[in-house]
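Sharing a structure with you now.
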Amino acid sequence: MDGDTSNKLHAMRHSLAHIMASAIKRIWPEVKLGVGPVVENGFYYDLDLGGMAISDADFEKIEDGMRAIIKEAQPFVRSMKPIDEAITWAEQEKQPYKLELLHDLQRAGTTSAKDINPEELGVEGDGSSKVDQVSFYTNGDFTDLCRGPHVESTDQVGAFKLMRISGAYWRGKEGNPQMQRLYGVAFASDKELRQYLNMLEEAKKRDHRKLGQELDLFVFSDMVGSGLPLFTPRGTILREELARFSDELRERVGFQKVWIPHITKHELYEKSGHWAKFGDELFLVKSQETSDQFVMKPMNCPHHTRIFASQPRSYRDLPVRYLETTTVYRDEKTGELGGLSRVRSITQDDSHIFCRNDQIEEEVNKMMAAAAELYQAVGMKLRVRLSYRDESGAYLGAMELWESAQSQLKAAVRANGLEYFEENGEAAFYGPKIDFMATDAIGREHQLATVQLDFVQPERFELEYTDAEGNRVAPVMVHCALLGSVERFLSVYIEHTAGKFPVWLAPEQVRLITVNQEDATREFAQKVAEEGQKLGLRVHVDNDNESVGKKIRNAELLKVPYAIVIGEKEIATGEVVPRIRKDIAVSETTDSRTVDEFLKTVAHEAKSRVSKTSL
RNA sequence: GCCGACAUAGCUCAGUGGCUAGAGCGGCUGUUUUGUAAACAGCGGGUCGUGGGUUCGAAUCCCUCUGUCGGCUCCA
């Protein structure tokens with residue numbers, strides 16, 4: 001989207017916020033207005049209606065009111081008022097929130113708790129922080145304090161829909177009055193609005209929490225606790241196949257598996273600095289034997305540094321690469337938990353490289369290639385953000401190290417031909433990083449994989465190797481994860497595929513459906529299943545006393561890639577006609593083929609981890 | 001954590017102060033022996049999330065806790 005279009009859309013959305021406020025004011029003249037900004041995909045307005053609560057049953061009434069105002073094509077008229085006059089206005093209008101904003105403008109020249117750029121304010125002052133004049137916009141009989149800009153008149157606002165209502169504190173501060181936040185989405189055209197609503201609809205259908213239950217992948221138990229998913233046999237296959245792929249990609253480029261316990265004395269995190277920084281996210285574990293305070297590990301790097309530090313290292317030994325797909329525990333705020341996307345037991349496909357400064361590029365290069373291969377296999381487009389430091393002093397580590405590292409990261413990204421963009425000020429305080437953004441099937445972008453350089457932990461843990469001149473030097477640490485976290489990856493991936501997993505990941509790859517319960521049928525199906533299992537396939541026999549139609553239906557609902565009906569015909573000829581899940585079928589009709597041939601093809605397909613079949 | 005909504009059978013849901021709490025699907029049993037998206041019949045299955053309170057009487061009203069969902073970053 002170019003800047004013009006985006007400014008226009010911004011003005012439309014902001015104008016809609018005013019139109020919504022005007023409509024509400026017509027219905028409830030006593031409403032006290034808060035703020036009404038533009039947000040991603042739309043706008044909102046914070047309202048205080050005293051004791052009365054707006055509910056979504058009122059949306060139609062408000063939307064009708066908005067449409068009436070739009071139809072009236074009221075011009076948006078900008079006017080300036082001296083601040084004293086504006087304050088009088090707010091008092092007369094009985095708008096206490098606006099009054100508060102005006103007082104802030106008068107006093108500090110900003111309405112933001114944070115310092116925002118004074119140029120952005122659009123207020124005409126004397127250049128100091130004080131404000132003399134403030135701008136107002138009027139449409140019809142509604143006037144609002146506003147820096148604009150707006151569209152010319154109320155009929156130029158595109159398409160909108162009110163979406164939801166939620167509670168919000170005035171200015172986001174607990175303790176302030178609770179207001180109602182009324183959200184709308186808005187786009188330049190009906191078509192774009194429809195597309196957006198369709199996307200939401202589609203996202204709802206694919207919701208991984210719903211599919212997780214329907215496909216029998218994972219469950220939660222009140223007794224275990226929130227944010228602690230339990231994986232069923234089917235879900236566990238998915239987890240493990242994905243983790244295995246990630247492990248293999250890393251082992252191929254020289255990583256070695258390590259294993260660490262899930263708890264540690266808290267001193268480890270004091271040393272790493274995490275205790276001070278993330279202390280409130282740590283689960284504490286108390287020993288009944290000793291006075292030691294233990295914690296569940298919230299990350300793996302401190303443990304891994306202990307393995308690196310367990311023996312003297314030469315520059316010739318580097319890079320040392322450790323991989324471990326293991327679970328960390330973080331006591332996330334309960335309100336932030338949801339499905340698999342935000343959990344308290346997080347399984348990371350974690351990797352740590354200890355290397356020399358001059359090895360960064362090659363190491364990162366290999367990880368980029370691994371990430372590219374993984375996301376190619378799961379059918380998600382990748383682009384990367386190179387996150388650099390800015391000029392502020394918020395970073396640790398020598399400047400030369402940063403500069404060399406940042407240019408090595410860039411070289412590695414370019415060598416892999418991935419789409420990338422650079423951003424200053426997005427680095428972690430301990431080093432620059434590469435964030436991978438994966439686009440799913442309905443166009444949403446997710447940050448999953450990551451490669452982060454770390455100049456700080458090697459120092460904190462006094463890691464060192466001996467260089468060619470015999471000096472003790474700190475290695476650079478690289479943290480990377482390809483899936484990111486298995487749980488979060490699954491939440492994205494289930495929605496990406498809508499549960500139609502490719503053969504290599506499908507918990508059940510082939511289902512054999514018997515036509516009747518006669519011994520010969522059952523035995524034949526059993527034999528086919530055993531042959532498939534020998535080839536490493538996940539084959540199930542459905543010998544239930546149900547109609548063939550019903551059993552087909554069940555296989556379809558579980559999104560099993562291949563279903564095969566076994567009856568007299570198959571027993572007689574030894575040939576089968578696979579029923580192929582629609583999304584992976586390449587043609588409408590399928591030929592019959594021998595059982596052996598079929599199983600071998602599927603086994604090959606599973607092994608090669610292709611997303612679509614060519615069977 | 002905070003605000004709001006919600007929590008009824010394994011699942012999806014009906015039941016809003018008054019008889020023994022219901023349906024469909026799933027489960028079990030029987031009949032049927034089935035040919036590519038739902039055979040038929042019968043039977044089980046619930047301290048209505050937890051604990052407390054109000055009431056002659058609570059799934060239903062109030063409070064607590066637990067859990068789920070939406071929001072809590074976006075600043076005239």
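By convention in this document, chain letters (A, B, ...) are assigned in the order of the sequence lines, proteins followed by strands, and residues within each chain are numbered from 1. Heavy-atom basis, side chains included; hydrogens, waters and symmetry copies ignored.
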Practice task
Measure from the ring center of A/Tyr183 to the ring center of A/Tyr44 and say whether it is less than 6.0 Å.
Solution key: yes
Fill in the blank from the handout: Under a 4.0 Å heavy-atom criterion, the protein footprint on nucleotides 6-14 of chain B, written with B, S and -, is -----SS--
Handout entry: Distance test, side-chain N/O of A/Arg553 to OP1/OP2 of B/rC25, below 4.0 Å
Key = no
Problem - NZ/NE/NH1/NH2 to OD/OE distance under 4.0 Å, A/Arg522 and A/Glu518 - result: no
Exercise for the section: Using whole Å, report how far CE of A/Met163 lies from P of B/rC72. Expected result: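 Going from CE in A/Met163 over to P in B/rC72 covers 13 Å.
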Practice task
Determine the sole option in A/Val576, A/Val539, A/Leu599, A/Asp596 for which the side-chain contact (heavy atoms from CB on, under 4.5 Å) test with A/Val528 is passed.
Solution key: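 Exactly one candidate clears the test, A/Leu599.
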Practice task
Check whether any side-chain N or O of A/Ser226 sits under 4.0 Å from OP1 or OP2 of B/rU68, and answer yes or no.
Solution key: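 For A/Ser226, the contact criterion (side-chain N or O under 4.0 Å from OP1 or OP2 of B/rU68) is met.
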Practice task
Write down the distance separating the C1' atoms in B/rC74 and B/rU12, rounded off to the nearest Å.
Solution key: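 Per the computed distance, 37 Å lies between those C1' atoms.
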Practice task
Taking the six-membered ring for Trp and the full ring for Phe, Tyr or His, determine whether the centres of A/Tyr562 and A/Phe598 are under 6.0 Å apart.
Solution key: yes
Could you go through nucleotides 48-50 of chain B and list every protein N or O atom that sits under 3.5 Å from one of its N or O atoms, giving the distance for each pair?
none

Exercise for the section: Could you tell me whether A/Lys204 and A/Asp207 make a salt bridge, using a distance below 4.0 angstrom between a side-chain N and a carboxylate O? Expected result: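 A salt bridge is absent here (no side-chain N lies under 4.0 Å from a carboxylate O).
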Exercise for the section: Would you sort out whether A/Thr521 and A/Asn516 count as a side chain to side chain donor-acceptor pair (under 3.5 Å), showing the intermediate values? Expected result: CA-CA 7 Å; A/Thr521 321; A/Asn516 56 44; 2.6 Å; yes
Completion exercise
Whole-Å distance, A/Asn41 CG to B/rG70 P, equals 16 Å
Exercise for the section: Measure the distance from OH on A/Tyr45 to P on B/rG71 and round it to the nearest whole Å. Expected result: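 Distance check: A/Tyr45 OH to B/rG71 P gives 22 Å.
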Exercise for the section: Using atom CZ of A/Arg522 as one end and atom P of B/rU34 as the other, report the distance to the nearest whole Å. Expected result: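 Taking CZ of A/Arg522 and P of B/rU34, I get 17 Å after rounding.
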